[in-house]
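Heavy atoms only: backbone and side chains are in, while hydrogens, waters and symmetry mates are out.
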Amino acid sequence: MREAIRFTLIVAVIVGLIICTIIWPAWGFSILGVVLFGIGIYDIFQKEHTILRNFPLLGHMRYLLELISPEIHQYFIENDTDGKPIDRNHRSYIYQRAKLEKETHPFGTQLNVEAENFKWMQHSIYPSKVKEDYPRVVIGGPDCKQVYSASLFNISAMSYGSLSKNAIEALNKGAKAGNFFHDTGEGGISDYHRNGGDLVWEIGTGYFGCRADDGNFDPKLFEEKANWPEVKMIEIKISQGAKPGHGGVLPASKNNKEIAEIRGVEPHTDVLSPPGHSAFSDAESLLKFVKQLRDLSNGKPVGFKLSIGSKDEFLEICEKMVETGIKPDFITVDGAEGGTGAAPIDFSNYVGMPWEKALIFVVDVLNGYDLKKDIKIITATKIITAFDIFKALSIGADVCNSARGMMLALGCIQALRCDSNKCPTGVATNNTRLMNGLVVEDKWKRVKNYQEQTLDDFLELFAAAGCTDLSELNRNLINKKINDEIKPYSVFYPSVATGSYLKEELITP
């Protein structure tokens, strides 16, 4: 935003000088000549920018255009289907539902239905009646004493600090109004999270909110907050899709005094969470940590979130579940495509298994070990539309979360400045002037609308497939084109039958 204002001022000055030149030619040309001469001399003798030294005056056009290049690209160059990471069609889908605008699309699909990897759902010529109530999923295994009934579509993990206090408050109020949960992210529970919405408290490697002075896990602090009534579930963050194998990053520009107090760190410093947990170091100690958190929370559902890297490591976790009898109540599967905030570019681009294959792998392994019946699967990567939910549940997930979808519902315009504290819409910034533009009492309604309208769309797809119960969703309902052949997912990715696990089959890419 600051760059845009600077650009506007520069343009205004130039326009003003041109007007002055037209009205008062002698004075105008004289002033304009002196200004341009001064800029040119400065350009020649400055040593920071080669372009300006070699091309005085003219070189400034490059920097002026660079300031607004993202906006030029988004508004004038990209078409409706090729924008990254989320294209214009999907952004419009969210905005229209958040604002309760039109739900129809004119003149047919813009997608290339003959493209490789094109996916579509199987419908029935005998559709079922559209349900009036949204289905819910009960999360809690045999050792859980306080099971939780979850919506199919919820707010994924985004921390206060990464997002503004206005954004967090609006998300939580939307969750309360729509009866769905709000994952806190690893930054701890702030007052802005406590507006009546159900919370999933995410515990990351920095243990923010339950952090001892030495940076390790503090059981007493955890026990106190885990038993707050709004905390419905606890999620151990092992890794996330945006930066698997790399700790969370909160730039110093976002780490104000309030956020530092919530997290238990020094303000105005870069907050880098460790890549791994200090509370556990292998599969068995991870499961013991799950049990510890469940006991300290008086039996609330406890699970863990991860982006799949080594398949062998996940297989070992499942083996230890069978051996010890300790099971998480849920597992959240993230994919390499995930990410809303700051991450090193190589981690964003080249680390972690893609979402679809990761979800399929986790579902099949749990089925192979006969564990799926006690463990619910939540998935959370680029879940934006009703079809995304339908596909995820057909593959084997039980519940879906969305981060970027909810950000767009809040008013995010995909300016790609999440890590700079300069988010122009006040969503991902702690700059008071910018965040004040996000009016909580308006935006929470948009979050609620987007979630409800997307579930309405899902129920229509669900009925179109002829389904009457969530248990009827399966991989036969999703088709995919590969090498000019269209086949259902059940052919490309056959489910591993319960009890028939073969390690060699599951390790095979």
If only atom types and distance count, is the side chain of [X] paired as donor or acceptor with the main-chain N or O of [Y] below 3.5 Å?
| X | Y | result |
| --- | --- | --- |
| S151 | F180 | no |
| S164 | A167 | yes |
| D457 | L455 | no |
| K225 | G209 | yes |
| T205 | P274 | yes |
| R294 | G299 | no |
| S307 | S239 | no |
| Y489 | S394 | no |
| N195 | K173 | no |
| Y207 | F222 | no |

Side-chain heavy atoms of [X] within contact of [Y], under 4.5 Å:
| X | Y | value |
| --- | --- | --- |
| I383 | N401 | no |
| L163 | V427 | yes |
| K232 | K300 | no |
| I377 | V363 | yes |
| I360 | K357 | no |
| I168 | H182 | yes |
| D456 | E460 | no |
| V362 | I308 | yes |

For the residue pair [X] and [Y], what are the closest heavy atoms and their distance?
| X | Y | answer |
| --- | --- | --- |
| R211 | R263 | CD-O, 3.4 Å |
| A403 | M158 | O-CE, 3.6 Å |
| A170 | W444 | O-CB, 3.1 Å |
| A150 | I139 | CB-CD1, 3.9 Å |
| A392 | T379 | CB-CG2, 3.9 Å |
| A212 | D218 | N-CB, 3.8 Å |

Going from [atom1] on [X] to [atom2] on [Y], what distance comes out if it is rounded to the nearest 0.5 angstrom?
| X | Y | atom1 | atom2 | answer |
| --- | --- | --- | --- | --- |
| I326 | L287 | CD1 | CG | 6.0 Å |
| M406 | I384 | CE | CD1 | 10.5 Å |
| L473 | D398 | CG | CG | 10.5 Å |
| I378 | M233 | CD1 | CE | 4.5 Å |
| I234 | T184 | CD1 | OG1 | 10.0 Å |
| W228 | S297 | CH2 | OG | 14.5 Å |

How far apart are the C-alpha atoms of L199 and N172, what are their side-chain angles, what is the distance that settles it, and do they pass the side-chain contact (heavy atoms from CB on, under 4.5 Å) test?
-> CA-CA 8 Å; L199 294 179; N172 196 255; 3.4 Å; yes
What pairs with K376 under salt bridge (charged side-chain N to carboxylate O under 4.0 Å, His left out), at least two apart in sequence or on another chain?
-> none
Sorted by chain and number, sequence neighbours left out, salt bridge (charged side-chain N to carboxylate O under 4.0 Å, His left out) with D388 holds for none
Any Lys/Arg nitrogen of K220 or E224 sitting under 4.0 Å from an Asp/Glu carboxylate oxygen of the other?
-> no
K443/E169 ion pair, N-O < 4.0 Å = no
Are R97 and Y93 in a cation-pi contact, defined as NZ or CZ under 6.0 Å from the six-membered ring centre and within 45° of the axis?
-> yes
Quick check: are there more than 12 heavy atoms from other residues, nucleotides or ligands sitting under 6.0 Å from [atom1] of [X]?
| X | atom1 | value |
| --- | --- | --- |
| K176 | NZ | no |
| K373 | NZ | yes |
| D191 | CG | no |
| D214 | CG | yes |
| E472 | CD | yes |
| E266 | CD | no |

State yes or no: are the ring centers of F289 and F217 separated by less than 6.0 Å?
-> yes
Taking the six-membered ring for Trp and the full ring for Phe, Tyr or His, determine whether the centres of F208 and Y160 are under 6.0 Å apart.
-> no
No-hydrogen, no-angle side-chain donor-acceptor test under 3.5 Å, [X] and [Y]:
| X | Y | answer |
| --- | --- | --- |
| D183 | S156 | no |
| N166 | Y192 | no |
| N298 | N227 | yes |
| D329 | Y148 | no |

Does the side-chain contact (heavy atoms from CB on, under 4.5 Å) test come out yes or no for I478 and I395, once each step is laid out?
-> CA-CA 8 Å; I478 304 295; I395 287 174; 5.6 Å; no
Can you tell me which residue pairs pass the ring-ring contact (aromatic ring centres under 6.0 Å, His included) test with a partner in residues 374-419, sequence neighbours excluded?
->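 Counting only pairs at least two positions apart or across chains, no ring-ring contact (aromatic ring centres under 6.0 Å, His included) contact touches residues 374-419.
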Result for side-chain contact (heavy atoms from CB on, under 4.5 Å) between R136 and one of L470, L152, N179, V399 points to N179
Can you list the steps and then say if K391 with E356 is a side-chain contact (heavy atoms from CB on, under 4.5 Å)?
-> CA-CA 10 Å; K391 183 176 76 169; E356 188 176 285; 3.4 Å; yes
How far apart are the C-alpha atoms of F462 and L393, what are their side-chain angles, what is the distance that settles it, and do they pass the side-chain contact (heavy atoms from CB on, under 4.5 Å) test?
-> CA-CA 11 Å; F462 187 73; L393 268 54; over 6 Å; no
